[in-house]
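To start, the structure itself, in structure tokens.
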Amino acid sequence: MGSFERAQLFKLIVELGSMVATAKALNISPSAVSKRLAELESELGVQLLKRSTRSIVITEAGEHFYQEVRELSGRWQSLVDETATLGESPSGRLTVAAPAPVLSRVLMPMLPGFNANFPEIKLELLSVDYDDLPLRSVDISLARHIEAFDSGTFVGVPLCEYRNGLFASPEYINKHGSPHKVEELVQHSCLCYGKENRSYLWCLGEESVEVKGRLVSDNTEVIIQAAVQGMGIAYIPRMIIERELACGELMSVLTYVESQRFSMWGYYQQLAYLPAKTCTFIDYFRHSW
């Protein structure tokens with residue numbers, strides 16, 4: 001057994017939680033598992049797992065090695081999938097990481113068309129906080145432009161542009177009236193995205209205003225639902241509330257003002273060969289948006 005196979009065995013031990021379970025999965029004896037793990041540790045010169053009769057505990061070195069092996073295994077499988085299907089339609093498992101609102105409100109409406117065009121690509125969608133992106137363990141990460149991403153490790157490609165606008169429910173407008181100027185927003189209940197009950201600066205073109213609303217949340221879906229329920233005016237991207245606008249649950253406020261342009265980007269690891277499934281995903285959504 002070579003180093004790569006022993007590393008794969010170590011990965012399986014960590015994921016199954018015991019050597020006995022690993023031995024059963026591979027149809028070998030527990031002593032063979034223990035021997036191969038010891039060979040791997042001897043080769044690396046570090047202890048990967050602390051063993052007792054009842055449990056295993058991964059060491060700091062083991063955790064680092066596991067994460068690298070996990071990533072390498074995914075890249076290896078992608079290479080196998082891509083090579084096996086050269087000349088055929090893009091295929092294989094594609095993992096996509098993005099903040100929850102991007103997955104549910106930007107990506108999901110477009111997936112039926114993507115799946116119809118590329119049925120051999122199987123998607124795995126992971127909800128990840130913006131601050132944790134981009135991820136090395138996925139094929140592509142989606143997020144608004146990240147100024148300080150590691151350009152030595154990742155490639156970033158712009159996918160689309162969008163702007164924030166002001167939106168409220170007809171119920172709210174009927175009850176409280178609509179502001180006619182940006183400065184009048186201070187007289188309204190504003191729904192603020194954030195984590196602290198303080199004033200928030202809303203930038204609208206060349207104008208800006210500090211607002212403090214009755215509700216603050218770091219969950220975009222909460223802001224949208226609060227606006228639909230008539231709780232106030234939201235400052236959010238139009239592209240994520242197309243459904244609510246189409247059915248009349250929300251309407252534009254101060255339609256002549258919008259925020260500056262923002263951009264949605266895709267990030268993937270720098271590779272000598274970018275898998276066809278990743279290229280296909282990027283091209284499809286860049287043209288769809």
Side-chain angles (χ1 to χ4, degrees), residues 15 70-130 132-146 149 154-164 219-225 228 236-250 262-289:
E15 293 173 349
R70 182 171 177 268
E71 178 188 332
L72 181 60
S73 297
R75 292 171 61 183
W76 171 255
Q77 190 58 52
S78 291
L79 176 60
V80 170
D81 292 343
E82 291 291 331
T83 305
T85 58
L86 284 176
E88 301 178 8
S89 299
S91 64
R93 181 175 65 96
L94 182 74
T95 53
V96 182
V102 175
L103 292 179
S104 62
R105 290 186 164 268
V106 179
L107 194 59
M108 283 303 298
M110 299 182 183
L111 286 189
F114 181 81
N115 289 339
N117 281 281
F118 308 102
E120 298 304 314
I121 298 180
K122 311 303 179 186
L123 292 171
E124 180 179 338
L125 307 181
L126 306 178
S127 177
V128 179
D129 288 343
Y130 173 80
D132 295 327
L133 294 172
L135 292 184
R136 294 178 61 191
S137 58
V138 301
D139 293 300
I140 188 165
S141 300
L142 303 179
R144 70 178 184 270
H145 187 224
I146 301 170
F149 79 94
F154 294 96
V155 174
V157 292
L159 299 177
C160 69
E161 293 185 339
Y162 64 94
R163 296 176 185 267
N164 283 5
N219 186 307
T220 302
E221 194 63 36
V222 169
I223 298 293
I224 294 171
Q225 293 306 315
V228 168
I236 49 180
R238 173 181 286 271
M239 69 185 298
I240 68 173
I241 55 166
E242 294 291 350
R243 183 179 65 229
E244 286 78 7
L245 291 171
C247 68
E249 290 182 326
L250 290 176
F262 298 105
S263 55
M264 179 81 68
W265 283 54
Y267 299 90
Y268 55 86
Q269 284 197 75
Q270 290 205 25
L271 302 170
Y273 172 73
L274 186 64
K277 61 185 179 182
T278 306
C279 292
T280 298
F281 180 90
I282 292 171
D283 290 343
Y284 181 86
F285 287 100
R286 178 184 277 166
H287 289 102
S288 297
W289 283 323

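Just so you know, these numbers come straight off a predicted model, no measurement behind them. For the numbers below, each heavy atom of this structure counts, side chains included, while hydrogens, waters and symmetry mates do not.
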- Message: Pair Phe281, Ile121 - check side chain to side chain contact (heavy atoms under 4.5 Å, CB included), show working.
- Response: CA-CA 9 Å; Phe281 180 90; Ile121 298 180; over 6 Å; no
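Val157 meets the side-chain contact (heavy atoms from CB on, under 4.5 Å) test with Val155, Leu159, Tyr268, Ile282, Arg286; sequence neighbours excluded. Glu124 is linked by a side-chain hydrogen bond (donor to acceptor under 3.5 Å, both in side chains) to Arg93, counting only residues two or more places apart in sequence or in another chain. Contacts of Ser288 classified as side-chain hydrogen bond (donor to acceptor under 3.5 Å, both in side chains), with partners at least two apart in sequence or in another chain: none. In this structure Thr95 satisfies the side-chain hydrogen bond (donor to acceptor under 3.5 Å, both in side chains) test together with Asp139, sequence neighbours excluded. Residues satisfying the side-chain contact (heavy atoms from CB on, under 4.5 Å) test with Cys160, not counting sequence neighbours, are Met239, Met264, Trp289. Checked against ring-ring contact (aromatic ring centres under 6.0 Å, His included), Phe154 has no partners two or more places apart in sequence or in another chain. A search for side-chain contact (heavy atoms from CB on, under 4.5 Å) contacts involving Leu111 returns Leu107, Met108, Asn115, Leu123, Leu125, Phe285, not counting sequence neighbours. Legend: residues meeting salt bridge (charged side-chain N to carboxylate O under 4.0 Å, His left out) with Arg70, ordered by chain and number and at least two apart, are absent. For Asp129, the side-chain contact (heavy atoms from CB on, under 4.5 Å) partners at least two apart in sequence or on another chain are Asp132. Not a single ring-ring contact (aromatic ring centres under 6.0 Å, His included) links Tyr130 to another residue, sequence neighbours left out.
Here the CG-SG distance, from Leu274 to Cys279, works out to 4.0 Å after rounding to the nearest 0.5 Å. Here the straight-line distance linking atom CZ of Arg136 with atom CD of Gln269 works out to 5.5 Å at 0.5 Å rounding. Note that CZ of Phe262 and CZ of Arg163 are 9.5 Å apart. Values are rounded to the nearest 0.5 Å. With values rounded to the nearest 0.5 angstrom, Ile241 atom CD1 is found 4.0 Å from Ile236 atom CD1.
Closest non-hydrogen pair, Ser141 versus Pro134, comes out as OG-CA, 3.6 Å. Contact detail for Pro109 and Ser104: the closest heavy-atom pair is CD-O, 3.9 Å. Tyr267 and Ala143 get closest at one heavy-atom pair: CE1-O, 4.3 Å. The two residues Ala97 and Leu133 make their nearest non-hydrogen contact at CB-CD2, 4.0 Å.
A salt bridge (Lys or Arg N to Asp or Glu O under 4.0 Å) check over residues 105-121, counting only residues at least two apart or in different chains, returns the pairs Arg105-Glu221, Arg105-Glu244.
Between Phe118 and Tyr284, the ring planes lie perpendicular to each other; the angle is over 60°, past the 30° to 60° tilted range.
Side-chain contact between Val106 and Ile240 is present, with at least one heavy-atom pair separated by less than 4.5 Å.
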